[in-house]
Amino acid sequence: MSYQEQEKYEESELYRIRHSAAHVMAQAVIELFEPGEAKFAIGPPVENGFYYDFDLPRNLTPDDLKAIEKRMRQIIAKHHPFEKVVVSAEKAKEMFEGQPYKIELIEGLEEGGFDEYGEPLDEKPEISFYSHDAFTDLCRGPHVEHTGKINPSAIKLMSIAGAYWRGDENKSQLQRIYGTAWKTSKELEEHLHMLEEAKKRDHRKLGKELDIYTFSDEVGPGLPLWLPNGGILIEELEALAKEIEHNHNYDRVRTPHLTKEDLFHRSGHLPYYAESMYPPMDMDGVKYYVKPMNCPMHHKIFDARPRSYRDLPLRLAEYGTCYRFEKSGELFGLMRVRSMQMNDAHIYCSEDDFEQEFMDVIAMYMEYFEIFNIEKYVMRFSTHVKEGLSKKYVDNERLWLKTEEMVRQAMRNGNVPFVEVPDEAAFYGPKVDVQVWSAIGREFTLATNQVDFSQPVSFDLAFKNSAGEDETPLCIHRAPLSTHERLIGFLIEHYAGKFPVWLAPEQASVIPITDDQNEYALEIERKLKAINVRVKADLGSDRMNAKIRSAQKMQVPYMLVVGKREVEENSIALRLRDGTRKDGTSVDEFLDMIQGKISTRSAEL
RNA sequence: GCCGACGUAGCUCAAUGGUAGAGCAGCCGCCUUGUAAGCGGCAGGUUAUGGGUUCGAUUCCCAUCGUCGGCUCCA
C-alpha cells in the first residue's frame, strides 16, 4: 500500500472488518486464560489484515492459533453488535484496572498527547469504548455493525510474533498474532495464493536456484559469497554506474577497508554510529576499525590539497566495501548483510550549488529506474527531531532546520513527490531515501541521497571562494544504486530471476540436437564469444528437450537450437526465454540482434 | 539483540528410541534425439555442533551455532 492510499483505506469497509476481527480475536485469546491473566495492548488493522498484541502468562503455540480461530468463528456466528460508549478518563481507568497497557493508553489520551502508537496528537481526543459480546476495548473505531459482518470463511490467523510495547526495544515484549481478513473467501484465497507466488520470487530462493550467491556458516552470518553468476551481475552494475557517473562528471577514488579510530571520532561515527560498527582491532596500541562508511576517507581526499571554488562541485565516487555489525535478527538474505559494497559518492559543493547537485542525484535515480523499469517506490524525506539532538543527531538545530528546508524546497521546485518522515535522518543531516518492497512485502531503503553539514565542519574542510575567503562546503552522500547486495537482492525479485539480456549471467545457450551438430554449436559459441556474449554450447549427453529445460530454469534469455537443417542453412532455431520461437534466424542476424539488446541495455528480449 | 519456530545427501523432501530413504543434481554407460525432464548403473549423510538421559539417540532434554516469521534497526 502506498502512503497516499492510506487515508482512503482507513475509511473503507475492509478496514472496519479487520479492525472488528482484531477485537473478536482479542476476545478469543483472553478467554483462553483466567480472568485478569491476559493483558492486552493494541490491535489495529494493517495492510491485508490486522494484529493484536498481548502480554500473556505463557507463550502461544500454533495449536492455540487453531483454537483461537475456531472460537472467533463461533463469536462471529452470534452476530454480536459493536456498541460505542464515550466515557471519562476516570471511568475508563476504573474499567481497565489491572490492564497496564490500556491504562497507559488512557493516560496518553487524557493528556491529549499520544495515540495508540505513541504518536503525538494535535488535539485532545474523546475516550471511547467499543463492546461486543463480553469484550470491551478502548477504541476510537470504527467497526462493522455486528460480528456477523465478518465473513468467517474469509479470515485466517497467520503467525505469532514478538513485538515490543510501543515499538520500543527497552519496553516489554508482547506476543503479536497476525491475521488476515477479507470480504469473501475468494479474496482470502487470492491473497494466500499471492503469498505463495511471492515466495517463488524470494531472492533467497532464486538466488540459490540461479547460483548467484551463497552463505557459509564458517565465513559468518551476513557475509555473502558471490558465485560466478553473482560476480557477473556485480560487474555489469559497476560498468553501468561508472558510465553514468562519468556522464555526470564524477571522479573515481579508492580507499582502504580499515582506518584508525581517530578518524571515526572526528567523523562522528563514534559515538553516534558505534553500535553498528564491528569492534576495533588493536595494532601496537592503536585501534583500527573496519569502515562502516566511506565518507571519512573521501573527506581526507578532499582535504589532500587546498581547494578552490573552481574545484567544486567535487564528486568523488567509489564502490567502497563497508562492514556494519547489524544485529543478528536483522539479517535478511542479501537485502540486509554485514559486508556490502556501496554505490557511494560524496559531492562537495557550495551552498549555492546545493540544489542543483542534490537534484542531479535525484535525476540520476530516475535514469536508473528507467533502465530497471522500477515503478513502485516512495521517496522518503527523513528529518531530525529536536529531542534527538546530541543523542541520535549532531547538535546543531540551526543547520538541521536550514538544510531540511533546502531539501524541501529543492524537491518541491523539482516537482518530485515525497513524504516527510520525522526522526529518521542520518546522524549528520537530512536525507531523501527511496523505499521499495521485497517480494514478501518487507520494506527497504534502496537508494539514498543525504545532506551532511556536520562532517565538513568536523574535518575542517574548506575551499577558497571567489572573494578569496575560506568557506565550508556542504557534502552530499549519495547511493542511487544502493549496495550490490541490496540492489541485486531487489533485482532478483523485481525480475523474478528473468534478468534483461545485458544483466543475464548466461545470455545464450547453444543446443545441438544431436552430436553431429557439436562442431557447428562450438562455431556459434566462438562467434558469440568474439563479441563478448556470455554463451555456452551445451554439448552434454542430455536430449535437446532436457537441455532446453535446464536453460529455461536458469532463465537464459536465448536458446539457440541447431540441428541438421540449421547447419545446412547456416542458421539457428532461436527460442526466447518466454517461449517465442524464431526458426531459421540467420547467425549474422542473431549476432546483430543480441549485440543491440546488450549495448542498449534493452528491457526487451 | 529480543520473542517464537525450525535445522536429515549439493537441492527438495521422507522415516524411526534399535546408527537413515526417495526424486532431482553429480559421475559412468547406452540412446542420436526438432523446442520444458530418454533409459540403466554408480556414488553421495558421524541426521548443524557440543553435552546429557538411555542397554541403545538421528529421534527425548540442555547449550551453542545457523536459518526462518516478526519486533527493533537499516544501504
Side-chain angles (χ1 to χ4, degrees), chain A residues 51 53 56 59-62 158-178 202 204-205 208-209 211 214-222 273 275-276 292-293 320 322 324-338 340-344 382 424 426 431 433-436 440 442-448 450 477-487 489-490 511-518 540-553 559-566 573-577 579-583:
Chain A
Y51 67 80
D53 287 346
L56 304 171
N59 285 323
L60 293 169
T61 66
M158 305 297 283
S159 61
I160 309 165
Y164 298 107
W165 169 236
R166 294 214 146 147
D168 184 339
E169 61 182 323
N170 300 312
K171 293 188 170 147
S172 52
Q173 181 140 30
L174 309 170
Q175 295 187 68
R176 173 173 296 180
I177 303 177
Y178 279 98
D202 191 318
R204 293 167 298 184
K205 181 175 156 69
K208 197 183 279 178
E209 288 171 2
D211 288 330
T214 189
F215 283 101
S216 155
D217 287 0
E218 278 185 277
V219 174
Y273 205 76
E275 228 182 48
S276 301
M293 294 184 191
C322 296
R324 297 183 184 174
F325 194 82
E326 308 290 355
K327 293 179 194 166
S328 58
E330 292 168 348
L331 302 174
F332 178 73
L334 273 184
M335 306 281 245
R336 192 73 183 278
V337 291
R338 287 181 175 163
M340 69 210 82
Q341 267 183 286
M342 298 176 67
N343 172 233
D344 211 0
S382 303
E424 299 208 349
K431 59 178 182 170
D433 291 336
V434 176
Q435 300 296 116
V436 295
I440 60 165
R442 204 184 278 214
E443 186 174 358
F444 283 94
T445 299
L446 194 66
T448 190
Q450 316 180 336
H477 306 233
R478 45 108 277 179
L481 285 186
S482 190
T483 60
H484 283 320
E485 289 72 16
R486 188 168 289 179
L487 180 67
F490 171 79
I511 298 171
I513 291 176
T514 74
D515 291 351
D516 291 343
Q517 290 86 44
N518 282 0
S541 63
D542 279 334
R543 285 172 75 195
M544 174 204 64
N545 284 306
K547 291 177 183 177
I548 288 176
R549 180 178 152 85
S550 64
Q552 284 285 158
K553 284 178 79 174
M559 282 149 273
L560 284 49
V561 179
V562 294
K564 204 173 160 205
R565 206 153 58 225
E566 286 71 25
L574 178 60
R575 178 193 165 102
L576 308 187
R577 178 172 61 195
T580 308
R581 279 179 61 173
K582 292 180 180 175
D583 289 5

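Proteins come first, then strands; the chains are lettered A, B, ... in the order of their sequence lines, and each starts at number 1. Note: hydrogens, waters and symmetry copies are ignored here, and every other heavy atom, side chains too, is used.
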Exercise for review: Using whole Å, report how far CZ of A:Phe215 lies from P of B:G7.
Suggested key: 21 Å
Review point. How long is the line joining CZ of A:Phe332 and P of B:U67, in whole Å?
Key: 13 Å
Check your understanding: Does A:Ser159 have a side-chain nitrogen or oxygen under 4.0 Å from the phosphate oxygens OP1 or OP2 of B:G70?
Key -> no
Check your understanding: Which part of the nucleic acid does A:Glu326 contact within heavy-atom distance under 4.0 Å: base, sugar-phosphate only, or nothing?
Key -> base
Check your understanding: Under 4.0 angstrom, heavy atoms only, what part of the nucleic acid is A:Met342 near: base, sugar-phosphate, or nothing?
Key -> nothing
Review point. Do the side-chain N or O atoms of A:Asn545 get closer than 4.0 angstrom to the phosphate oxygens (OP1, OP2) of B:U35?
Key: no
Review point. When we call it a touch if two heavy atoms are under 4.0 Å apart, what does A:Gly329 touch: a base, just sugar-phosphate, or nothing?
Key: base
Check your understanding: What's the CG-P distance between A:Asn170 and B:C73, to the nearest Å?
Key -> 10 Å
Practice item. Check every strand shown and say whether A:Thr483 touches a base, only sugar-phosphate, or nothing at a heavy-atom separation below 4.0 Å. Key: base
Point to revise | Whole-Å P distance, B:U59 and B:A20 | key: 14 Å
Practice item. Round to the nearest Å and state the distance from A:Glu443 atom CD to B:C74 atom P. Key: 13 Å
Review point. Does the side chain of A:Arg204 get closer than 4.0 angstrom to OP1 or OP2 of B:G69 through an N or O atom?
Key: yes
Exercise for review: Tell me what A:Glu566 touches on the nucleic acid: a base, only sugar-phosphate, or nothing, going by heavy atoms under 4.0 Å.
Suggested key: base
Check your understanding: When all nucleic acid strands are considered with a 4.0 Å heavy-atom cut-off, which category describes A:Arg581: base, sugar-phosphate, or nothing?
Key -> base
Revision key, fill the gap. In whole angstroms, the gap separating P of B:U33 from CG of A:Asp542 amounts to 16 Å
Point to revise | Base of B:G70 paired with side chain of A:Gln175 (donor-acceptor, under 3.5 Å) | key: no
Exercise for review: Mind checking A:Ser482 for me? I need base, sugar-phosphate or nothing, with any heavy atom below 4.0 Å counting as a touch.
Suggested key: sugar-phosphate
Review point. Looking at A:Lys431, does any N or O in its side chain come under 4.0 Å of the phosphate oxygens OP1/OP2 on B:A75?
Key: yes
Check your understanding: Between A:Lys564 and B:U32, does any side-chain N or O lie under 4.0 Å from OP1 or OP2?
Key -> no
Review point. When all nucleic acid strands are considered with a 4.0 Å heavy-atom cut-off, which category describes A:Asp217: base, sugar-phosphate, or nothing?
Key: sugar-phosphate
Exercise for review: Using the P atom on both, measure B:G23 against B:C60 and round to a whole Å.
Suggested key: 27 Å
Review point. Under 4.0 angstrom, heavy atoms only, what part of the nucleic acid is A:Lys205 near: base, sugar-phosphate, or nothing?
Key: nothing
Review point. If you check the A:Arg486 side chain, which of B:C74, B:G1, B:G38 turns out closest?
Key: B:C74
Review point. Choosing from B:U72, B:U35, B:U67, which nucleotide comes nearest the side chain of A:Pro221?
Key: B:U67
